[in-house]
A.B. asks: 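Below is the structure I would like to discuss, written out as structure tokens.
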Amino acid sequence: MPSGHQQAVQEQFTRTAEAFAKFATRDTPDMLAERVDFAGLRPDDTILDVACGPGAFVLAAAPRVVFARGVDLTPEMLRQARAFQAERAVTNAAFDLGEAEKLPYVDASFDLVSCQFAFHHIPRPEAALAEMRRVTKSEGRIFLVDSVGPEDKATSELHNQIERLRDPSHAATLSLPEFLQLFAAQKLAVEKQHVLNRRRSFNKWMLRAGHDRSSAGYQTVRRLMEESIPGDRAGFGVTIDSDGLRIVHQEGMFLLRISA
Ligand SMILES: C[S@@+](CC[C@H](N)C(=O)[O-])C[C@H]1O[C@@H](n2cnc3c(N)ncnc32)[C@H](O)[C@@H]1O
């Protein structure tokens, strides 16, 4: 039985599944290729992608590994993933319904377990990471990708308030020290880490969450973004150019190993 927050996740990603699937599987091949490279996949790997969404990573990884599996909470996302799998005729992949906090697999099942752009939707990311560690083989790796939030408390609060107004299923974006603490608490050593700035169109980012320019949600979030410009009070590095607002998300990629 999904929790209240998980129901909010399901509602959000059922409503926006098509727009998100287009973004993840067709519009951003460079971003996907960066992640596939960073993960360091091996031909004898069996992998799991937690909160796999429309399956972009699973299906890009499948040709490089023995078997790729994805698990997600939102049935509509899994429907998109399976349709994409059929279109690509990928035979060594499968998609399951399940919660990151309670993965439906036995201990030590996978060589690599990843989770991408989903920790900020999970109110107890430590529970998800513990589950990812449990299903990873002792010599295996964990690959985590997510937005990285501001360290300053007031900036972080406004940042997360704006994110939640855009998408009620947003829980919190962790800062880099918070990610590193989470890894240390699970005795996971950072083997490789890359943090980068992803500049994007505000309007496209809003559309992916279901807000067009005429919606009340769009107007509220835009006003808060514009008001945050002096002193970059929300940590979005907002700028205005001829195409409208542009914002920046910091993104972190981490390759982790079980260290004890
Ligand atoms: C922003 S999408 C990212 C999808 C995919 N990882 C990608 O990068 O394209 C977030 C996904 O996380 C899933 N999700 C959120 N909370 C979850 C949880 N507790 N357990 C499993 N899936 C979850 C949502 O259903 C959604 O498909």
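All ligand and atom numbering here is 1-based and tracks the order in the structure. The first residue of the sequence shown is numbered 1, and numbering continues consecutively from there. Model, not experiment: these values are computed from the prediction. Keep in mind that the numbers below use all heavy atoms, side chains included, and drop hydrogens, waters and symmetry copies.
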A.B. asks: For Arg124, look at atom CZ and say whether over 12 heavy atoms of other residues, nucleotides or ligands are found less than 6.0 Å away.
C.D. replies: no
A.B. asks: So if I count the atoms of ligand 1 from 1 in the order they appear, which ones are less than 4.0 Å from some heavy atom of Ala118?
C.D. replies: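 Under 4.0 Å from Ala118, ligand 1 has these atoms: 12 (O).
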A.B. asks: For residues 43-61, which residue pairs qualify under salt bridge (Lys or Arg N to Asp or Glu O under 4.0 Å), counting only residues two or more places apart or in two chains?
C.D. replies: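 For residues 43-61, and leaving out neighbouring residues, the salt bridge (Lys or Arg N to Asp or Glu O under 4.0 Å) pairs sorted by first residue read Asp45-Arg141.
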A.B. asks: Using a 4.5 Å cut-off on heavy atoms from C-beta on, say whether the side chain of Tyr218 contacts that of Phe202.
C.D. replies: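 Yes. Closest side-chain heavy atoms under 4.5 Å.
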A.B. asks: Any idea which part of Val9 is under 4.0 Å from ligand 1, heavy-atom wise: side chain, backbone, both or neither?
C.D. replies: side chain
A.B. asks: Using a heavy-atom cut-off of under 4.0 Å, does the side chain or the backbone of Ala24 touch ligand 1, or both, or neither?
C.D. replies: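 The answer is the side chain.
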A.B. asks: With a 4.0 Å cut-off on heavy atoms, is Phe20 in contact with ligand 1?
C.D. replies: yes
A.B. asks: To check your reading of the model: name the closest protein heavy atom to atom 12 (O) of ligand 1, its residue, and the distance in Å.
C.D. replies: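 Here the closest protein heavy atom is Ala51 CB, 3.4 Å.
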A.B. asks: Of the side chain and backbone of Glu101, name the one, both, or neither that has a heavy atom under 4.0 Å from an atom of ligand 1.
C.D. replies: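 Just the side chain.
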A.B. asks: If you have a sec, work out which protein heavy atom is nearest atom 20 (N) of ligand 1 and how many Å separate them, to one decimal?
C.D. replies: Ala100 N, 2.9 Å
A.B. asks: Might you point out which heavy atoms bring Ala171 and Arg164 nearest each other, and give the distance in Å?
C.D. replies: O-NH1, 2.5 Å
A.B. asks: Thr74 heavy atoms, cut-off 4.0 Å: which ligand 1 atoms fall inside?
C.D. replies: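 Every atom of ligand 1 under 4.0 Å from some heavy atom of Thr74: 24 (C), 25 (O).
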A.B. asks: Can you confirm whether the side chains of Ser169 and His121 place a donor and an acceptor under 3.5 Å from each other?
C.D. replies: yes
A.B. asks: Got a sec: does the CZ of Arg213 have more than 12 other heavy atoms crowding it under 6.0 Å?
C.D. replies: no
A.B. asks: Taking it one step at a time, do Gln12 and Arg15 satisfy side chain to side chain donor-acceptor pair (under 3.5 Å)?
C.D. replies: CA-CA 5 Å; Gln12 177 70 12; Arg15 205 163 52 79; 2.8 Å; yes
A.B. asks: Could you tell me if Asp212 and Ser214 have a donor-acceptor pair between their side chains, going purely by distance under 3.5 Å?
C.D. replies: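 Yes, a side-chain donor-acceptor pair sits under 3.5 Å.
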A.B. asks: May I ask you to check whether Glu76 and Gln10 show a side-chain donor-acceptor distance below 3.5 Å?
C.D. replies: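 Their side chains do not contain a donor-acceptor pair, so the 3.5 Å distance test is not met.
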A.B. asks: For Glu139, is the CD atom crowded, meaning more than 12 foreign heavy atoms sit under 6.0 Å from it?
C.D. replies: no
A.B. asks: Take His249 and Phe236 through the ring-ring contact (aromatic ring centres under 6.0 Å, His included) test and state the conclusion after the steps.
C.D. replies: CA-CA 6 Å; His249 275 103; Phe236 282 106; 5.5 Å; yes
A.B. asks: Which atoms of ligand 1 sit under 4.0 Å from any heavy atom of Met77?
C.D. replies: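 Under 4.0 Å from Met77, ligand 1 has these atoms: 27 (O).
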A.B. asks: Which ligand 1 atoms does Glu99 reach within 4.0 Å, using its non-hydrogen atoms?
C.D. replies: 20 (N)
A.B. asks: Specify side chain, backbone, both or neither for Cys52, according to which of its non-hydrogen atoms lie closer than 4.0 Å to ligand 1.
C.D. replies: backbone
A.B. asks: Report the part of Phe57 (side chain from C-beta onward, or backbone N, CA, C, O) that has a heavy atom under 4.0 Å from ligand 1; answer both or neither where that applies.
C.D. replies: neither
A.B. asks: In terms of residue, atom name and distance, what is the protein heavy atom nearest to atom 1 (C) of ligand 1?
C.D. replies: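 The closest one turns out to be Phe117 O, 3.3 Å.
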A.B. asks: Side chain, backbone, both or neither: which part of Phe13 comes within less than 4.0 Å of ligand 1 when only heavy atoms are counted?
C.D. replies: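 Side chain only.
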A.B. asks: Which residue and atom name correspond to the protein heavy atom nearest atom 17 (C) of ligand 1, and how close is it?
C.D. replies: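 Scanning the protein heavy atoms, the shortest distance from atom 17 (C) of ligand 1 goes to Leu73 CD2, 3.8 Å.
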A.B. asks: Are Gly98 and ligand 1 in contact, using a heavy-atom cut-off of under 4.0 Å?
C.D. replies: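 Yes, Gly98 has heavy atoms under 4.0 Å from ligand 1.
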A.B. asks: Look at atom 13 (C) of ligand 1 and say which protein heavy atom is nearest, naming residue and atom and giving the distance to 0.1 Å.
C.D. replies: Asp72 OD2, 3.3 Å
